[in-house]
Peer 1: 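Dropping the structure in here first, questions after.
Only a predicted model underlies this, so the values are computations on that prediction, with no experimental measurement involved. Naming: A, B, ... by sequence-line order, numbering from 1 per chain. Worth knowing before you read on, the calculation uses all heavy atoms, side chains too, and leaves out hydrogens, waters and symmetry mates.
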Number of protein chains: 2
Amino acid sequence: MAEKSKLWYLENFNLFKGLNSEKLEHLNKITNMKDIGKNQPIYFAKEPSNSIFFLKKGRIKLTRTSNDGKEMILGLINPGELFGEMSIYEENERTDFALAMEPALICAINKEEFKKFITENTELNLKLTRLIGLRIKKYTERIEELVFKDAAQRIISFMIRLADDNGKQLGSDVFVKPFLKHQDIANLTACSRQTVNSVLTDLREKNIIDFDRRKLVIKDKDSLLKFIS
Amino acid sequence: MAEKSKLWYLENFNLFKGLNSEKLEHLNKITNMKDIGKNQPIYFAKEPSNSIFFLKKGRIKLTRTSNDGKEMILGLINPGELFGEMSIYEENERTDFALAMEPALICAINKEEFKKFITENTELNLKLTRLIGLRIKKYTERIEELVFKDAAQRIISFMIRLADDNGKQLGSDVFVKPFLKHQDIANLTACSRQTVNSVLTDLREKNIIDFDRRKLVIKDKDSLLKFIS
DNA sequence: TCCTATCTGTCTAACATCCGACAATCTTTT
DNA sequence: AAAAGATTGTCGGATGTTAGACAGATAGGA
């Protein structure tokens, strides 16, 4: 990878927008671009956490596994987003597991280097603080959803968020591509694969959504919103 | 309330330990002690968030309410702990609701004043950052629990945490006093009051715990731990 | 002190969701 | 192009949890 393009990448991460070229150059020196293959791990749980990451290309899922082998997905990471940032706050090892869902390009920064860089760039500190606030908000909302909503409502909420984050408006429809496999949706919404399937096919029969392995189309968002009232 | 005792209170909050008397005096000037009656609110959801709080005495529950009136408890606050601190991170209104479970004594600090105080005391900043990291960890563990564990396991995990936080070792038993009413335990563990009751009485029959309205006694922690394996 | 609220304990029926099973379809590898 | 593997679709039975109902116990206010 040419150094020039790496610099360009850095500049395009939300977090780094507005930094001057001197600072970007310094950031460039302490970062490391890396290609990750499909289904390859980026880090493991219980691994000492020395780095934080930015995603340039691909999709990452952050997961946790129960004692008896069940998987839950804590969150999905899209290009331009930071992940693994908990290593700034936790002393020891990571508690989750990051996996590339498709071929990905990531940018790694050493935790200590990044900490130092932050203290020298207080405007970054503010952005980071805001980001952490958003994370907490997201997690508490997730808890709320698990407590108050049933499986169908959780799946529908997930689709709406997915469409908001990754969808393209096309006429009156919203396209999301790629979609996720049912098992992943199940692991995100805390229900079984079969329940995901039956909810999705039911909504398709009602002409509210359409989907196949690779795409999701939301044809009638208003009806979806009614379900989660 | 005499000013002298208030200063003494401040000194005893974990977060402020180690501050010199000049800084404590300044803190004293920007804080406000307040008595709160049983079942009285401290702040409401959707209220502009101008203050953060420290709890000196009593117990606080942080709750959220669903559209159809069901309550969930996001967390309990014990004396010495900070709460409402999300107002530092979120711009707008609060998303939850704080209620005194028993007569309480709290200490309020204006958000902006506190922010200023932090920037002038960087060692505090570090402590606060660590605290936020712990909050995130706690929330993600809660999500994990909701996804992986059944109702009985969640209730048992809750009792163990309660005993760790508020229990007193007495011989081979751990006493927790006061206990919570079953409905509150239900709202903390995402299940119904009836389920809480049946799990508790079942454990009592097996001589693993004992309880009544005011206390919980853990008589056989090992057996409890086996349930959550 | 009595009276009223609230909380606990215990049923049973209804319900949501899971789980195993298996065929059909699509994807990847050889 | 064939074979192996992964994903989707669809059953029906098993299971955990809820919700309603109501009696008895306890706490708090008049």
Peer 1: Measure the spacing between CD1 of A/I156 and CG of A/L200 and express it to the nearest 0.5 Å.
Peer 2: 9.0 Å

Peer 1: Would you say that B/L188 contacts B/M72 through its side chain, given a criterion of any heavy-atom pair below 4.5 Å between the two side chains?
Peer 2: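 Counting from C-beta outward, B/L188 and B/M72 never come under 4.5 Å.
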
Peer 1: Indicate for each nucleotide in nucleotides 24-30 of chain D, in 5' to 3' sequence, whether protein heavy atoms under 4.0 Å reach the base (B), only the sugar-phosphate (S), or nothing (-).
Peer 2: -BSSS--

Peer 1: Over how many whole Å does the gap from A/E205 atom CD to D/dT10 atom C1' extend?
Peer 2: 11 Å

Peer 1: Using chain B heavy atoms and a threshold of under 4.0 Å, write down where along DNA chain C the contacts begin and end, 5' to 3'.
Peer 2: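 Going 5' to 3' along DNA chain C, contacts run C/dC7 to C/dT10.
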
Peer 1: Is any side-chain heavy atom of B/L203 closer than 4.5 Å to a side-chain heavy atom of B/L224?
Peer 2: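 Side chain of B/L203 against side chain of B/L224, heavy atoms only: contact under 4.5 Å found.
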
Peer 1: Counting only non-hydrogen atoms, which of residues 193-202 of chain A are less than 4.0 Å from DNA chain C?
Peer 2: A/R193, A/Q194, A/T195

Peer 1: Using a heavy-atom cut-off of 4.0 Å across all strands, would you classify A/R154 as base, sugar-phosphate, or nothing?
Peer 2: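 Result for A/R154 = nothing.
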
Peer 1: Salt bridge check, A/K61 against A/D184: does any charged N sit closer than 4.0 Å to a carboxylate O?
Peer 2: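 A salt bridge links A/D184 with A/K61.
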
Peer 1: If you look at every strand shown and take non-hydrogen atoms under 4.0 Å, does A/F211 touch a base, only sugar-phosphate, or nothing?
Peer 2: sugar-phosphate

Peer 1: Check this for me: B/K149, atom NZ, are more than 12 non-hydrogen atoms of other residues, nucleotides or ligands nearer than 6.0 Å?
Peer 2: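 Count over threshold, so yes.
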
Peer 1: So, using ring-ring contact (aromatic ring centres under 6.0 Å, His included) as the criterion, who are the partners of B/F16 when residues are at least two apart?
Peer 2: B/F54

Peer 1: Got A/Y139 and B/T140 here, is their nearest side-chain heavy-atom distance under 4.5 Å?
Peer 2: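 Yes, their side chains come closer than 4.5 Å.
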
Peer 1: Could you tell me whether B/E144 and A/R64 have a side-chain N and a carboxylate O separated by less than 4.0 Å?
Peer 2: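 Salt bridge: yes.
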
Peer 1: Can you find a heavy atom in the side chain of B/N78 that is under 4.5 Å from one in the side chain of B/D165?
Peer 2: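 A side-chain contact exists here, since the closest heavy-atom pair is under 4.5 Å.
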
Peer 1: Are B/D164 and B/K221 within salt-bridge range, i.e. N to O under 4.0 Å?
Peer 2: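 A salt bridge links B/D164 with B/K221.
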
Peer 1: With the threshold set at 4.0 Å, does a side-chain nitrogen-carboxylate oxygen contact exist between A/R154 and A/E145?
Peer 2: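 Salt bridge flag = no for A/E145 with A/R154.
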
Peer 1: Does some side-chain heavy atom of B/F83 sit less than 4.5 Å from a side-chain heavy atom of B/D96?
Peer 2: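 No, every pair of side-chain atoms sits at 4.5 Å or beyond.
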
Peer 1: With a 4.0 Å cut-off on N to O distance, would you call A/E85 and A/R135 a salt bridge?
Peer 2: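 Salt bridge flag = yes for A/R135 with A/E85.
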
Peer 1: For the helix from C/dT6-D/dA25 to C/dT30-D/dA1, what angle separates the axis at the start from the axis at the finish, each from five pairs, in steps of 10°?
Peer 2: 50°

Peer 1: Is the glycosidic angle of C/dA21 within 90° of 0, making it syn, or outside that range, making it anti?
Peer 2: anti

Peer 1: Once you round it to whole Å, what is the distance between P of D/dT18 and NE2 of B/H182?
Peer 2: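 Interatomic distance, NE2 of B/H182 to P of D/dT18: 15 Å.
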
Peer 1: Take the protein atom CG of A/N39 and the nucleotide atom C1' of D/dG5, then report the distance between them rounded to whole Å.
Peer 2: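 The answer, rounded to whole Å, is 13 Å.
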
Peer 1: Do A/E102 and A/R59 sit within salt-bridge range, that is, some charged N less than 4.0 Å from a carboxylate O?
Peer 2: yes

Peer 1: Would you mind reporting whether A/E205 and A/D202 have side-chain heavy atoms less than 4.5 Å apart?
Peer 2: yes

Peer 1: For DNA chain D, which residues of residues 59-69 of chain B approach it to below 4.0 angstrom with any heavy atom?
Peer 2: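 Here the set is empty: none.
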
Peer 1: For B/K215, does the NZ atom have more than 12 heavy-atom neighbours from other residues, nucleotides or ligands under 6.0 Å away?
Peer 2: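 Atom NZ in B/K215 is packed in, count exceeds 12.
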
